[in-house]
Amino acid sequence: MTLRVILAGLGVRGRHWAEVLTRSERTDIAAYVDPNPAARERTAAQYGARPAFETLDDALNAVEADALILANPPIGRKAQIEAAAAHNLPMLIEKPLALDIAEAAELVRIAESAGVPLMVGLNFRYLGVTKATMKLFADGTVGTPSFARFTYERYRDGNRADLNKYPLTMDQPMLWEQSIHHFDLMRYVYQSEPVHVSCKTWNPVWSMYTSDTNVSALFTFENGMIVNYQGTWQSGWAEPHFEWRTDCTGGIASQRHQFSDLFYARQADTTLMPVPLPPHEQWITETAGLLDAFVNAVVDGAPLECSGRDHLRSLAMVQACVVASRENRCVSLVRASSISS
Ligand SMILES: NC(=O)c1ccc[n+]([C@@H]2O[C@H](COP(=O)([O-])OP(=O)(O)OC[C@H]3O[C@@H](n4cnc5c(N)ncnc54)[C@H](O)[C@@H]3O)[C@@H](O)[C@H]2O)c1
């Protein structure tokens with residue numbers, strides 16, 4: 001079966017999705033949706049003409065479809081999620097589901113009570129480097145993870161034409177838009193839930209963003225894992241820097257690029273060993289992996305990965321950081337069991 005997908009939101013991320021949906025042999029684009037006519041025209045010119053609509057309701061009333069991919073900004077998505085749920089359409093929705101955990105929980109409830117799958121776009125889980133890191137831990141190469149340092153430093157020019165604009169003025173853009181991926185990866189790779197966090201967020205004096213672009217957080221996980229996180233969108237240097245180093249009982253794993261570059265060393269080694277990784281096209285390969293998981297769930301009945309309910313646990317990390325920084329204290333995270341009840 002070919003999955004007929006309505007693609008709503010044709011901005012930066014929507015164009016990644018158009019590329020991935022067009023390449024996939026298991027999906028067709030049933031319709032484009034975007035209130036901005038220029039976005040609809042640009043997408044049709046690049047990826048082929050399809051029925052195109054200003055609103056999701058218009059598309060739902062006009063075309064036959066099997067699923068929705070929603071890549072609009074995470075602000076006010078309730079109407080679209082209710083409409084898709086009413087049409088019994090499985091949804092793949094871009095992260096973060098919402099900019100408030102109570103709102104996100106309500107969106108999850110809407111989909112669950114309609115019995116409709118809701119997956120969240122956590123594409124970084126599907127990187128070759130992520131899978132290879134998990135294998136290093138699972139096959140005993142470096143032993144069991146004990147503590148980690150996660151560093152993401154970037155000068156993100158929010159005025160660049162090829163970047164979305166709403167983060168320039170939203171609250172805590174780094175945490176909700178970027179760190180959410182990193183926090184989700186921590187839970188995914190270490191296979192444990194966070195229990196508490198201390199955090200400071202701030203905005204450097206040169207920042208072009210209204211709210212904080214810098215996050216420094218210290219997480220403790222249920223399995224004893226401790227992660228020291230530092231992220232910024234307003235680095236003092238335009239050259240990006242990424243390192244995610246995990247110290248383990250028998251060595252270290254070190255990822256040196258957001259999308260690739262994995263190394264390991266055993267405790268007594270004097271040099272790092274590179275880990276071979278599969279070929280990767282940035283934003284496309286890992287998004288195709290995410291799409292495959294969605295199609296496997298919707299068409300073949302495989303368990304749903306990156307569910308909305310699971311996403312609430314990563315959003316809880318973001319929200320806990322906001323509170324910890326504002327109130328200058330260590331914040332306990334809601335236990336996984338109480339979120340899923
Ligand atoms: N997973 C990733 O790696 C990744 C990367 C970039 C962005 N994102 C996420 O994708 C989402 C969109 O980000 P973006 O960078 O594409 O933003 P953007 O501002 O570039 O594009 C958003 C598009 O949505 C359209 N839109 C607004 N309201 C709409 C509605 N009600 N229905 C349909 N379309 C609507 C806008 O007109 C615009 O064309 C965000 O949630 C963002 O966090 C994810």
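Whatever order the structure lists ligands and atoms in, that order sets their numbers, starting from 1.
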of all protein heavy atoms, closest to atom 33 (C) of ligand 1 is G9 N, 3.6 Å
Any nitrogen or oxygen of N123 lying under 3.5 Å from a nitrogen or oxygen in ligand 1? Just yes or no. yes
Closest to atom 25 (C) of ligand 1 (heavy atoms only, candidates N72, L97, D34) is D34
- Message: I'd like to know whether NZ of K165 has more than 12 heavy-atom contacts from other residues, nucleotides or ligands below 6.0 angstrom.
- Response: yes
TODO: In plain terms, say whether E327 and R329 are close enough for a salt bridge, that is, a side-chain N and a carboxylate O under 4.0 Å apart.
DONE: yes
> Does the pair D28/R4 count as a salt bridge with the N-to-O cut at 4.0 Å?
Replying inline: no
task = Could you tell me how the ring of Y190 sits relative to the ring of F221: parallel (under 30°), tilted (30 to 60°) or perpendicular (over 60°)?
result = perpendicular
Under 4.0 Å between heavy atoms, the region of V12 that gets near ligand 1 turns out to be both
Honestly, for H16 the part within reach of ligand 1 (heavy atoms, under 4.0 Å) is neither
>> Hydrogens and angles aside, do T287 and R13 bring a side-chain donor and acceptor to less than 3.5 Å of each other?
In response: yes
Exercise. Report yes if some heavy atom in the side chain of E305 is under 4.5 Å from a heavy atom in the side chain of Y188; otherwise report no.
Key: no
Closest to atom 44 (C) of ligand 1 among protein heavy atoms sits E94 OE1, 3.1 Å
Closest to atom 21 (O) of ligand 1 among protein heavy atoms sits G11 CA, 3.2 Å
Run the contact test for Q80 against ligand 1 with a 4.0 Å cut-off on heavy atoms, strictly below, and give the result. yes
closest protein heavy atom to atom 32 (N) of ligand 1 is P35 CD, 4.1 Å
Candidates R13, E177, K95; heavy atom nearest atom 16 (O) of ligand 1 found on R13
Only residue of N203, T232, T201 satisfying side-chain hydrogen bond (donor to acceptor under 3.5 Å, both in side chains) with N214 is T232
Closest to atom 12 (C) of ligand 1 among protein heavy atoms sits A71 O, 3.2 Å
- [ ] Please examine the side chains of H280 and L127, heavy atoms only from C-beta on, and report whether any two atoms are closer than 4.5 Å.
- [x] yes
Among N164, L10, T287, L99, closest by heavy atom to atom 15 (O) of ligand 1 is N164
Here the pair of heavy atoms bringing A253 nearest to F137 is CB-CE2, 3.9 Å
Honestly, for R42 the part within reach of ligand 1 (heavy atoms, under 4.0 Å) is neither
